[in-house]
Protein chains: 2
Amino acid sequence: MAESWANLGIDLHLEPSGPGLRAGLTAALRDAVRGGRLAPGTRLPSSRTLAVDLGVARNTVAEAYADLVAEGWLTARQGSGTRVAERDVPRPEAPPRSRIPRGRPAYDLRPGFPDLSSFPRAAWLKAARHALTHAPNEAFGYSDPRGRPELREALADYLARVRGVQADPDRVVICSGFAHALVLLDQVLRGRGVREVAVERYAVGLHRDLLERGGLRTRPLPFDELGTDTRPLASGSAGAVLVTSAHQFPMGLPLHPDRRAEAVAWARASGGLILEDDYDGEFRYDRQPVGALQGLDPERVVYLGTASKSLAPGLRLGWMILPRPLADEVTAAKGVDDWTCGTPDQLTLARFLRSGDYDRHVRAMRQRYRRRRDQLVTALAAHAPAVRAHGIAAGLHAVLELPPGTEQSVIRAAAWQGLAVTRLRELRHPAADPAGTPEALVVGYGTPPEHAWPGALEALCRALG
Amino acid sequence: MAESWANLGIDLHLEPSGPGLRAGLTAALRDAVRGGRLAPGTRLPSSRTLAVDLGVARNTVAEAYADLVAEGWLTARQGSGTRVAERDVPRPEAPPRSRIPRGRPAYDLRPGFPDLSSFPRAAWLKAARHALTHAPNEAFGYSDPRGRPELREALADYLARVRGVQADPDRVVICSGFAHALVLLDQVLRGRGVREVAVERYAVGLHRDLLERGGLRTRPLPFDELGTDTRPLASGSAGAVLVTSAHQFPMGLPLHPDRRAEAVAWARASGGLILEDDYDGEFRYDRQPVGALQGLDPERVVYLGTASKSLAPGLRLGWMILPRPLADEVTAAKGVDDWTCGTPDQLTLARFLRSGDYDRHVRAMRQRYRRRRDQLVTALAAHAPAVRAHGIAAGLHAVLELPPGTEQSVIRAAAWQGLAVTRLRELRHPAADPAGTPEALVVGYGTPPEHAWPGALEALCRALG
């Protein structure tokens, strides 16, 4: 049997019988044509001949031929039998498949990432089991574009309890992370005629870029010893302001009460919106977390949160709590094509919240990050006493202020140690006055997996010392 | 203890001690301020007094006050004690939370949906367990915007084996469904200067709308007894064509071999692109599925598939197999902000494919849908012999051609029976000549859950009979 096929140049692996036989035959012929081993125009043996050769039913061969005619690989013309179809261009062999490389830097101390090794796999699976077992059938269909009701309800309850947010489930919109939320809000803000958004002097550059990509201007607010200064809003022309109010990123201060009040007063007087990026509000070590600004005025504040710091960015789950009219506008901006997030992950997070596992996980991670924070402070005191750590009361990162004139050499030393770090200056708004920015690193002590943390801390101390 | 608090109008539930005590106190105070029970300007008891009242440490009260000052609910001024912050606008009580209604029509026979009751929950959970147990830590971080490599590799192998697709994992891009894919492609096509896309005479209106929303024109191709006619492409000005080649939606024919060849010849000669919507290619009943057009020329065909018919739309998982240069352009169009799909669901689908469970599920569903198809044909013969069923060789739906002049009354009868159905005319391109469209229903026999199918079929027969 292999003999005859060898003559046709076909690599054939046939199952002995059944539908697999026809499928195998079709696939082998298709590959032979595609790979050029059966050249265009080649006349194939009649189905009767080939069936005898192969010891299979004639019908099996006839069906394989018919399949390939239907697909366009073969042609069957009355009187001229079955031939390999002519193709205009000789097709090259498929290139070898590239397997995709995976990897991360040796020691990653960039801010903005949780310890990925901490993802609570077992608890997540337990929640998935419960969620999928109890989900109604309709959950597997096209859901509400705002996201699964189970998740919106669980989040509304959790955020009210833990972050002081006023959250009706109708005003919760699930999205696939903070950037997705920002893209949707950008669209809605422009639709409302907003031309400028005030942002913080120090912030994640990607967020600025996303706002500016759609045509908005961003303008930096000043930053002083009390943190971001919201007073200039009143005399400015921004239609919205983006703030990390519970824990300024990266500087680490909460937005001062007077400046919270200034921001809310501005929003009420001007009709502006406050976009509150509560990216790591649950992680505060020495006292209770600072509650969300949103609770002060749910009609003027958009609360934005994600599972990216508390659980993992890979979940691609974020949420917005929106003023009522805006909830409808954002839902419309999502449109019929943007259901975005998969039901199983949404239902699992809902169950994870309801079961108390989310609270337990956050508590465990808070202990882990606090321990690292303490170790960082202790190690700095011992090995780099000239370095001053800021913003260590909360969060997954610290700002390490360096002695003037040393940043360049520290960066070189860090590279030498295989350390990925971020400079404070990289997070400064391009339009902000560079004066006043200290030489400093922003160190994400939450980023390394638990086993790599001691090594990362040692490498950091060597780079700083 | 409740006594003193009752005087302040606060609804207090305190845990006996520990961090929960402070949190509970803070939350109770916050709620009282928010709800208006503590009016703006009200002076609060000193922390010492309140601590004695409550039988808690003074520090606990002081910390709760400090938290609420930080959040802006209270103010603390030297000499005037702690007061409820002034707010410009009296805030109404939070409205009662609306719980979200859930529901579907009595009998849903609209096409485009699988039987949602068939989602393989247990097998999916088994795959999730394997996937999450074996996933590398980095899988929980920000992944490749093209999607998880495990899933792209599993899909490349599966689609090559089952659909005859030539799929290097580098050219696979995961997205959150067909509409998401179309939005991305639309952006890339316009970037390449494409102004017009040819579409089929009958198709899903949403897909046309998505293309046109970005500014592209869509122009319908003719449809005759051989199916969609691709010959006019050669003399037209379209830069791309969107086709359901394995199983025309909704008419049910595969694209004729000659017309496959015409389409590929046009694409090669003109530099045009074929967008192949393989929405239900696995479901063919009486013979082997028709292989994908993409295999004929992977440099000119974009293969588009999803898990929406084979598993569930709620997964929000789709995929594109792209010509090499286009893979880079689509990845760029996704951008840094569009990671889209959650890792757990992606990894689970990858495992589901690798384990053979996907094949098993498709096979089981093929049997279920074939049985329904057979029951539909039998029932029509018995109860509505004047109705002709088209496109029944494959898929999850059939076109039921009605005797001329009866469509209106059948639609009324269907509504009376509580049946959701779709008319063929609703799927016709608005620019296509209405002449030649038979009076017909497009009936999704795959849509009802298994227990509802017999009732749905009976209701349909009553409406038709």
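In what follows, chains are A, B, ... by sequence order, proteins preceding strands, each numbered from 1.
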- Task: Give, for atom CZ of B:Arg260 and atom CH2 of A:Trp73, the distance between the pair rounded to the nearest 0.5 Å.
- Result: 9.5 Å

- Any residue meeting side-chain contact (heavy atoms from CB on, under 4.5 Å) with A:Asp359, in chain and number order, not counting sequence neighbours: A:Tyr158, A:Arg161, A:Val162, A:Arg363

- Task: Using non-hydrogen atoms and a 4.5 Å limit, figure out which bit of A:Ala135 sits close to chain B: side chain, backbone, both or neither.
- Result: both

- With only heavy atoms counted, which part of A:Leu132 is less than 4.5 Å from chain B, the side chain, the backbone, both or neither? both

- Query: With only heavy atoms counted, which part of A:Asp258 is less than 4.5 Å from chain B, the side chain, the backbone, both or neither?
  - Reply: side chain

- Message: Please classify the contact of A:Ala246 with chain B as side chain, backbone, both or neither, using a heavy-atom distance under 4.5 Å.
- Response: neither

- Task: Among the options A:Gly72, A:Ala312, A:Pro257, pick out the one with the most heavy-atom pairs lying under 4.5 Å from chain B.
- Result: A:Pro257

- Message: Please classify the contact of B:Ser245 with chain A as side chain, backbone, both or neither, using a heavy-atom distance under 4.5 Å.
- Response: neither

- Out of B:Ser118, B:Ala261, B:Ala66, which one racks up the most heavy-atom pairs below 4.5 Å with chain A? B:Ala66

- Partner of A:Pro344 by side chain to side chain contact (heavy atoms under 4.5 Å, CB included), out of B:Thr348, B:Leu349, B:Asp345: B:Asp345

- Query: Non-hydrogen atoms of chain A under 4.5 Å away: do they reach the side chain of B:Leu315, the backbone, both or neither?
  - Reply: both

- Item | Per-residue contact mode, A:Ala128 against chain B (heavy atom under 4.5 angstrom) | both

- Measuring heavy-atom distances to chain A, does B:Ala122 have an atom under 4.5 Å in its side chain, in its backbone, in both, or in neither? neither

- Message: Only pairs of heavy atoms separated by less than 4.5 Å count here; which of B:Cys175, B:Pro449, B:Gly164 has the most with chain A?
- Response: B:Gly164

- Query: Which pairs with one or both residues in residues 113-123 of chain B pass salt bridge (charged side-chain N to carboxylate O under 4.0 Å, His left out), sequence neighbours excluded?
  - Reply: B:Asp115-B:Arg368, B:Asp115-B:Arg372

- Counting heavy-atom pairs under 4.5 angstrom with chain A, the leader among B:Val290, B:Leu311, B:Leu125 is B:Leu125

- Message: To the closest 0.5 Å, what do you measure between CG (B:Leu296) and CZ (A:Arg30)?
- Response: 9.5 Å

- Message: A side-chain contact here means heavy atoms from C-beta on lying under 4.5 Å apart; do A:Thr343 and B:Arg316 qualify?
- Response: no

- Note on the structure: In this structure, CZ of A:Arg284 is separated from CG of B:Asp67 (nearest 0.5 Å) by 8.5 Å

- Item | Side-chain heavy-atom pair B:Tyr142, A:Ser308 within 4.5 angstrom cut-off | yes

